[in-house]
Amino acid sequence: MSGKYEAVLNREKLVFAPGVRRWPLALDRGAGSKVWDVEGREFLDLTAGWGVTSIGHCHPALAEAIADQASKLMQTTNVVYSEPQLDLAERIARISPANMQHSFFTSSGAEANEGALKLAVRRTGRSKFVATLNSFHGRTLGAMGCLGQEKYRKPWAGIVHEADFAPYGDLAAAQQLIDKDVAAVIVEPIQGEGGVVVPPADYLTGLEKACRDVGALLILDEVQTCCGRTGRWMALEHSGVQPDILTFGKGIGGGVPIAAFSATDDVMNAIVPGDHGGTYAGNLLACRAAATVMKVIEDDGLVENARVLGDHIMERFGALAKRQADKVEAVRGAGLLVGLVLRDAELAAAVHPETRERGVLVNLTAERVIRLFPALNIPRDELDQALDVIEAVVEKS
Ligand code: PLP
């Protein structure tokens with residue numbers, strides 16, 4: 001070690017807010033699915049900036065588009081029209097289910113969910129929400145009220161507007177809660193932070209019907225699953241569910257902070273100017289970046305690539321689960337959102353840092369789920385190298 005990492009640590013202690021439990025790692029640069037730390041060590045990155053760098057780190061087309069837009073016009077007030085916003089909105093309308101043609105841009109997934117919840121209140125005139133246990137929808141106060149993990153909500157009890165929660169995947173339990181006072185049900189098509197949980201086949205369409213029966217709206221939170229991640233443009237395509245409002249983020253920006261909610265004509269028309277927004281909502285640099293990311297995903301066939309590579313991971317991890325049945329409980333996910341569920345948290349806590357020590361970055365979530373959400377264009381040989389390492393670490397731990 002050259003001491004560069006320690007130097008970063010010492011600087012951080014003096015000036016940075018201690019709100020994150022960090023890994024002992026300071027990254028310096030990236031290209032494709034590789035990143036290098038300040039000491040020059042190379043890692044295969046299966047976290048992709050937390051499911052964000054969907055076309056790999058520093059893709060040349062993205063870097064070029066950002067540089068071009070930066071030299072043209074980066075930011076305007078939202079009270080003027082601008083074409084980069086429309087270029088992106090048109091792309092989203094093209095890949096979204098047919099009737100979700102209006103998009104509203106925000107800077108983060110949480111803000112997109114805030115907007116979606118507010119829109120549901122406007123449209124229905126109701127104020128009750130139903131959400132699911134172990135969900136994750138962001139850390140702003142509104143979104144947090146629907147976040148089904150008590151540890152996040154508890155410190156703010158009394159100031160968050162709490163949803164009613166049903167276990168994820170349990171349609172009958174949700175049906176009990178969905179009544180004529182409910183403005184919206186908010187749900188992830190696959191729970192990401194909650195441990196890569198895939199619901200039963202009829203769950204989402206069942207929620208849709210229960211909402212329709214009482215005039216509530218269905219908000220599908222695709223912040224983590226959007227834009228090709230699960231081997232479809234949107235994860236809703238796996239079940240054919242038709243939400244009223246769709247939120248997305250992360251991978252759409254490829255590393256630039258942008259998210260959105262989109263809705264049907266009928267629902268979006270309920271929004272009143274001033275209801276939602278922000279200085280950077282629809283920032284031109286971010287919109288240009290996201291439109292470029294979507295173009296690369298489309299031109300390079302990365303949605304299909306995610307499906308094929310995801311199947312490959314499932315096959316390899318499926319074999320690992322058979323060989324190591326005492327350590328691996330299950331393999332879950334779709335496309336390039338995969339969870340390797342280990343049997344106990346102690347084992348997971350050992351596997352996670354050891355994998356990093358051997359040059360592969362993965363995420364540990366829900367205590368014992370090793371989550372992989374790499375770039376949609378990760379080269380197959382690099383993916384295989386990374387899987388070799390994960391499998392070897394699980395086998396020896
Ligand atoms: N919704 C889901 C499903 C997420 O996974 C996340 C973040 O992980 C969010 C919302 C919040 O997004 P952001 O961190 O951009 O606010």
Side-chain angles (χ1 to χ4, degrees), residues 19-21 47-54 104-120 129 131-149 151-153 160 163 165 168-169 184-199 204 207 218-230 234-236 238 241 243 245-262 276-278 280-283 286 289-290 293 332-339 362-366 369 371-374:
V20 186
R21 266 186 293 276
T47 65
W50 245 234
V52 169
T53 54
S54 48
F104 191 113
F105 298 120
T106 65
S107 307
S108 68
E111 287 171 273
N113 284 331
E114 294 283 326
L117 295 168
K118 284 154 97 179
L119 178 58
F129 299 120
T132 59
L133 292 175
N134 288 324
S135 60
F136 192 87
H137 299 295
R139 291 184 171 87
T140 50
L141 289 178
M144 205 189 291
C146 295
L147 203 159
Q149 304 182 48
K151 65 176 182 198
Y152 289 111
R153 288 198 321 275
V160 296
F165 294 96
Y168 188 71
V185 173
I186 181 166
V187 65
E188 296 154 90
I190 295 175
Q191 280 190 337
E193 304 295 312
V196 191
V197 185
V198 182
L204 295 170
L207 289 180
L218 180 65
I219 302 172
L220 206 62
D221 177 348
E222 294 239 24
V223 168
Q224 187 159 146
T225 51
C226 76
C227 307
R229 166 71 41 211
T230 70
M234 295 289 168
L236 61 85
H238 294 288
V241 62
I245 309 175
L246 187 63
T247 65
F248 41 99
K250 286 187 179 281
I252 192 173
V256 170
I258 182 164
F261 59 98
S262 63
H276 200 54
Y280 302 111
N283 170 269
V293 169
R332 305 193 289 236
L336 285 175
L337 176 58
V338 178
V362 293
N363 161 237
L364 171 60
T365 192
V369 180
R371 179 173 45 164
L372 277 46
F373 40 0

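The chain is numbered in sequence order, starting from 1. Counting convention: from 1, in listed order, for ligands and their atoms alike.
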Listed partners of Phe104 passing ring-ring contact (aromatic ring centres under 6.0 Å, His included), at least two apart: Phe261, His276
Minimum side-chain heavy-atom gap Pro374-Arg229 below 4.5 Å: yes
Set of residues satisfying side chain to side chain contact (heavy atoms under 4.5 Å, CB included) with respect to Ala131, sequence neighbours excluded: Cys146, Ala163, Phe165, Ile186
Partner set under side chain to side chain contact (heavy atoms under 4.5 Å, CB included) for Thr230, not counting sequence neighbours: Ile190, Thr225, Arg232, Ala235, His238, Ala334
Lys250 side chain to Cys226 backbone, donor-acceptor under 3.5 Å: no
Under 3.5 Å: donor-acceptor pair, side chain of Tyr168, backbone of Glu188: yes
Provide, line by line, the atom pairs where ligand 1 and the protein bring an N/O atom each to a distance under 3.5 Å; else say none.
{"unit_1": "ligand 1", "atom_1": "1 (N)", "unit_2": "Phe136", "atom_2": "O", "d": "3.3"}
{"unit_1": "ligand 1", "atom_1": "1 (N)", "unit_2": "Asp221", "atom_2": "OD1", "d": "3.2"}
{"unit_1": "ligand 1", "atom_1": "1 (N)", "unit_2": "Asp221", "atom_2": "OD2", "d": "2.7"}
{"unit_1": "ligand 1", "atom_1": "5 (O)", "unit_2": "Gln224", "atom_2": "NE2", "d": "2.8"}
{"unit_1": "ligand 1", "atom_1": "8 (O)", "unit_2": "Glu193", "atom_2": "OE2", "d": "3.4"}
{"unit_1": "ligand 1", "atom_1": "8 (O)", "unit_2": "Lys250", "atom_2": "NZ", "d": "3.4"}
{"unit_1": "ligand 1", "atom_1": "15 (O)", "unit_2": "Gly109", "atom_2": "N", "d": "2.8"}
{"unit_1": "ligand 1", "atom_1": "16 (O)", "unit_2": "Gly109", "atom_2": "N", "d": "3.3"}
{"unit_1": "ligand 1", "atom_1": "16 (O)", "unit_2": "Ala110", "atom_2": "N", "d": "2.8"}

